[in-house]
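Have a look at the structure below, then the notes.
Here is the naming used below: chain letters follow the sequence lines, and residue numbers restart at 1 for every chain. In what follows, every heavy atom counts, from backbone to side chain, and hydrogens, waters and symmetry copies are set aside. As the structure is a prediction and not an experimental result, all values here were calculated from the model.
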Amino acid sequence: MQNEKSNSAVAGAQSGNFIRNIVEQDVSNNKNDGQVHTRFPPEPNGYLHIGHAKSICLNFGLASDFSGLCNLRFDDTNPSKEDVEYVDSIQSNVKWLGFDWEDRLYYASDYFEKLYDYAVRLIKKGKAYVCSLSVDEIKKYRGSRTEPGQNSPYRDRSVEENLDLFERMRTGVFEDGDHVLRAKIDMASPNLNMRDPAIYRIKKDNHHRTGNKWCIYPMYDFTHCLSDSIEGITHSICTLEFEDHRPLYDWVLDELETPCHPQQIEFARLNISYTVLSKRKLLKLVEEGHVNGWDDPRMPTISGMRRRGFSASSIRNFCDRIGVGKREGTVDLALLEFSVREDLNNTSPRVMAVLKPVKVVIDNYPEGRSEELEGPYHPEDASMGFRKLPFSKTLYIEQDDFMEDPPKKFFRLSPGREVRLRYAYFITCTDVIKDESGNITEIHCTYDPATRGGDAPDGRKVKATMHWVSAEHAIKAEVRLYDRLFSELNPESSNDGDYTACLNPDSLKVLTDCYLEPSLAGAKPESRYQFERLGYFCVDSRDSKDDTPVFNRTVTLRDSWAKITKQKVLRQEQNVQKKKKKQDTISFK
RNA sequence: UGGGCGAUCGUCCAACGGCAGGACAACGGACUCUGACUCCGUCAAUCUAGGUUCGAAUCCUAGUCGCCCAACCA
């Protein structure tokens, strides 16, 4: 696996979690013969997101740390929501994240026949019955949180009748909703899940794998525990909302003679600030066109993050760092950003790109001449090699790198000031040319030929080093600047839960007039670079073409200058408000 | 108003009866041909009230607050 170094570095910093402690203890007590066997059990009804990555890392990670195994199992018991597109994307995502289920790819639908037999056994034991109440009636009979439920009038059907009915449910003589098979437990249980839960329903839907072979499908609570048991799972790890289901999980396995009885353990699902993590909510973003599909680089899906430029190891490191607990919390988006920067800083070649260009003319550089300079791909990793950087009379620099009337702390280019062009020359601004409306169209400079390569032989210093490209040699490109999808820290709890009301209008800015250094010609889809001083960028896998490259910004570099600017703006706003308050007070008097 | 679960720096996770620790964030500094990286430093927490104990974040009791549960979804 690549980046083992960074992973183990994180593993060293990370300490145990409560699930690991349980597993550790089980192994040392020789429970399950000291074996550890986990599984990642997605329903193929949507794309995987970073929250699933947490579960994947947990399940596969635990297995590998204890020399155990982890299965990939599709929990595909609801044909009306599931699709092969999702099955395919999930497999490719798990693989890409760096995990291997080897030959243990399973589907709950593989067990339909076995599950049916288990249901029959339950009926024979008098522990399940066919109920012919309607959905609404079942609801009424269930009672409420404070009141016990009532027994269904069909609860005491004979075993023979139940067997006959259940068999005919399977053959398709009934319509959807006519009957369900229910576990016979306790209609007065304080746990609603134990009030004779439905375990089989009629659904005349085409299943993505079994086609029209079945018209009855087992419910989650019946399927999951038995699937775990069939696969010999030792630790069945799931999220907190299934805590109330554990008694049912255990009940089914206790009532039936099964290969083993796995232990269900629940942990808190992942929340990230400025982000929505639920397949249902993400599906809505896709369906309503707020984003361009499941793999839109703004989506917290594995596919989206991959396209955005996240590396698999950065996601794995993030998952290690956030830990595993039972407390529902929200992880700071900054931690995710830190994790990508940390990884990409080590692995990305440096290049120069000018995103918002302004023309610079070097007046004392000979017309028509050009030369090749050289820069390392990584200042701290010589093994990445060097690339050529053509230099000529006309260049582009970043608009933000020039100010005609700079504030004190700004030390980039301004009239009369000398700065360094990275790996090239010192230049001094001599003149600024503007159009009628006052926009700067051209900056004129002189260069010092003695500073070739970027160092002054006389030892004089400059305060700033700037990136640049040669106008005639640069490659034109489209660059997509991504920012957080939501402007609220917790999109789900604001605006009465309508998270689409706080979509960030600036989550995507498309820049079509960008210039890249020529070494970027033919950059492969998904390859990642650091555009020096700007951020990490990745060749878009979908829209980039050789003649019209498209780059996605994964994340900006940390930027203390931007921070200073932001603070200044904030302070100004505060001052304005203070003044206003003062005035209000005065006028009130 | 029944049941289940949870509560530790701003955020996330540790500490399993014995010095509350790490990471991110924030702040300050050093370094710098990226205002990046790196390095150093600073700030900062046990929900409340009782109890057990030589000793409590940890155990007990009561309370407070938060999350989940009444799909023929998973």
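- Under the 90° criterion around 0 for the glycosidic angle, B:A71 counts as syn.
- One cannot find a donor-acceptor pair under 3.5 Å joining the base of B:G4 and the side-chain atoms of A:R246.
- Taking atom C1' in both B:C16 and B:C67, the straight-line distance is 24 Å, to the nearest Å.
- Of the side-chain N and O atoms in A:R533, one or more sit less than 4.0 angstrom from OP1 or OP2 of B:G35.
- RNA chain B is contacted by both A:V324 and A:I138; A:V324 maps to the nucleotide lying nearer its 5′ end (nearest heavy atom per residue).
- Closest to the A:K326 side chain, of the nucleotides B:C24, B:C73, B:G6, is B:G6.
- Qualifying salt bridge (Lys or Arg N to Asp or Glu O under 4.0 Å) partners for A:K563, counting only residues two or more places apart in sequence or in other chains: none.
- Listed candidates were B:G35, B:U34, B:C16. Nearest to the side chain of A:N21 is B:C16.
- Residue A:M219 has its side chain nearest to B:C73 when only B:G3, B:U34, B:C73 are considered.
- Remark: ring of A:W561 overlaps the six-membered base ring of B:G35 in a stacked fashion, centroids less than 5.5 Å apart, planes less than 30° apart.
- Between A:H207 and A:Y217, the ring planes are parallel. Angles under 30° get that label, and only those over 60° would be called perpendicular.
- Residue-level contact check: A:P148 touches neither bases nor backbone, having no heavy atom under 4.0 Å from any strand.
- In secondary-structure terms, RNA chain B builds stems of at least 3 consecutive Watson-Crick or G-U pairs, each pair having both distances under 3.5 Å, at B:2-7 with B:64-69, B:10-13 with B:21-24, B:26-30 with B:38-42, B:47-51 with B:59-63.
- Looking at heavy-atom distances under 4.0 Å, A:F410 makes contact with a base.
- Remark: aromatic rings of A:Y141 and A:Y154 are distant, center separation not under 6.0 Å.
- Nearest nucleotide to the side chain of A:V331, out of B:U34, B:C12, B:C72: B:C12.
- For A:I322, whose side chain is taken as the heavy atoms from C-beta onward, the closest listed nucleotide among B:G4, B:C12, B:C69 is B:C12.
- For A:K203, counting side-chain heavy atoms from C-beta on, the closest listed nucleotide (B:C72, B:C73, B:C24) is B:C73.
- Between B:C19 and B:G28, the distance separating the two P atoms is 34 Å to the nearest Å.
- Between atom CG of residue A:L413 and atom CD of residue A:E398 there is a gap of 13.0 Å, rounded to the nearest 0.5 Å.
- Closest-nucleotide positions on RNA chain B for A:D332 and A:M466 were compared, and the one nearer the 5' end corresponds to A:D332.
- Residue A:K140 places no side-chain N or O under 4.0 Å from the OP1 or OP2 atom of B:A70.
- To the nearest 0.5 Å, atoms CZ (A:R420) and CG (A:D448) are separated by 12.0 Å.
- Ring centroid separation for the pair A:H224 and A:Y220 comes in under the 6.0 Å cut-off.
- Ranking B:A74, B:G2, B:G35 by closeness to the A:P190 side chain, first place goes to B:G2.
- One interatomic measurement links the two molecules: OH of A:Y423 to C1' of B:U34, which rounds to 8 Å at whole-angstrom precision.
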Table of protein N/O atoms under 3.5 Å from nucleotides 65-68 of chain B N/O atoms:
| from | atom 1 | to | atom 2 | distance (Å) |
| --- | --- | --- | --- | --- |
| B:C67 | O2' | A:E328 | OE2 | 3.4 |

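- For the pair A:R341 and B:U34, the criterion of a side-chain N or O lying under 4.0 Å from OP1 or OP2 is not met.
- Checking the phosphate oxygens (OP1, OP2) of B:G2, no side-chain nitrogen or oxygen of A:S144 falls inside 4.0 Å.
- OP1 or OP2 of B:A26 sits under 4.0 Å from a side-chain N or O of A:K563.
- Residues that satisfy the salt bridge (Lys or Arg N to Asp or Glu O under 4.0 Å) test with A:D455, not counting sequence neighbours, are absent from this structure.
- Remark: A:R142 is not in phosphate contact with B:C69, judged by side-chain N or O atoms under 4.0 Å from OP1 or OP2.
- Here B:A71 presents its P atom at 19 Å from CG of A:L181, a figure rounded to the nearest Å.
- Nucleotides B:C39 and B:U52, compared at atom C1', are 48 Å apart to the nearest Å.
- Every residue was checked against the salt bridge (Lys or Arg N to Asp or Glu O under 4.0 Å) condition with A:R142, not counting sequence neighbours, and none meets it.
- The nearest whole Å value for the distance from the CG atom in A:N345 to the C1' atom in B:G35 is 15 Å.
- Here the nucleotide nearest the side chain of A:S560, chosen from B:A71, B:A74, B:A36, is B:A36.
- In this entry the distance linking CG of A:D400 with C1' of B:A36 reads 16 Å, nearest Å.
- Under the 30°/60° scheme for interplanar angles, the aromatic rings of A:Y116 and A:Y200 are found to stand perpendicular.
- Evaluation of atom-type donor-acceptor distances gives no pair under 3.5 Å for the side chain of A:E380 against the base of B:U38.
- Rounded to whole Å, the P atom of B:A23 lies 36 Å from the corresponding atom of B:C65.
- Comparing the C1' positions of B:A36 and B:A44 gives a spacing of 27 Å, expressed to the nearest Å.
- When rounded to the nearest whole Å, the span between CE of A:M187 and P of B:G3 equals 18 Å.
- In this structure, A:K409 reaches the bases: a heavy-atom distance under 4.0 Å links it to at least one base atom across the strands shown.
- Summarising the geometry, the separation between CE on A:M194 and P on B:G4 is reported as 13 Å, rounded to the nearest angstrom.
- Proximity note for A:R145 (side chain, C-beta onward) versus B:C12, B:U1, B:A70: the nearest is B:A70.
- With hydrogens and angles left out, the side-chain atoms of A:D76 and A:S109 include a donor and acceptor closer than 3.5 Å.
- One can place NZ of A:K461 at 17 Å from C1' of B:G35, the figure rounded to the nearest angstrom.
- For A:H245 against B:A74, a side-chain N or O and a base N or O form a donor-acceptor pair under 3.5 Å.
- A cation-pi arrangement is not found for A:R417 relative to A:F411, the charged atom failing to lie both closer than 6.0 Å to the ring centre and inside a 45° cone about the ring normal.
- B:A74 and B:G17 are spaced 41 Å apart, taking the P atom of each and rounding to whole Å.
- For A:E287, there are no salt bridge (Lys or Arg N to Asp or Glu O under 4.0 Å) partners at least two apart in sequence or on another chain.
- Going from atom CE of A:M169 over to atom C1' of B:C72 covers 9 Å, rounded to whole Å.
- Here the separation of B:G21 from B:C5, taken at their C1' atoms, is 26 Å to the nearest Å.
- Backbone-only contact: A:T330 has heavy atoms under 4.0 Å from sugar-phosphate atoms and none from a base.
- Aromatic pair A:Y425/A:F391: ring centres closer than 6.0 Å.
- Of the candidate nucleotides B:C24, B:G35, B:A71, B:G35 has the atom lying nearest to any side-chain atom of A:R412.
- Using a 4.0 Å heavy-atom criterion, one finds that A:F411 contacts the bases of the nucleic acid, with or without backbone contacts as well.
- Taking the six-membered ring where the residue is Trp, the centroids of A:F531 and A:F551 are separated by under 6.0 Å.
- Across the C1' atoms, B:A71 and B:G63 are found 36 Å apart, a figure rounded to whole Å.
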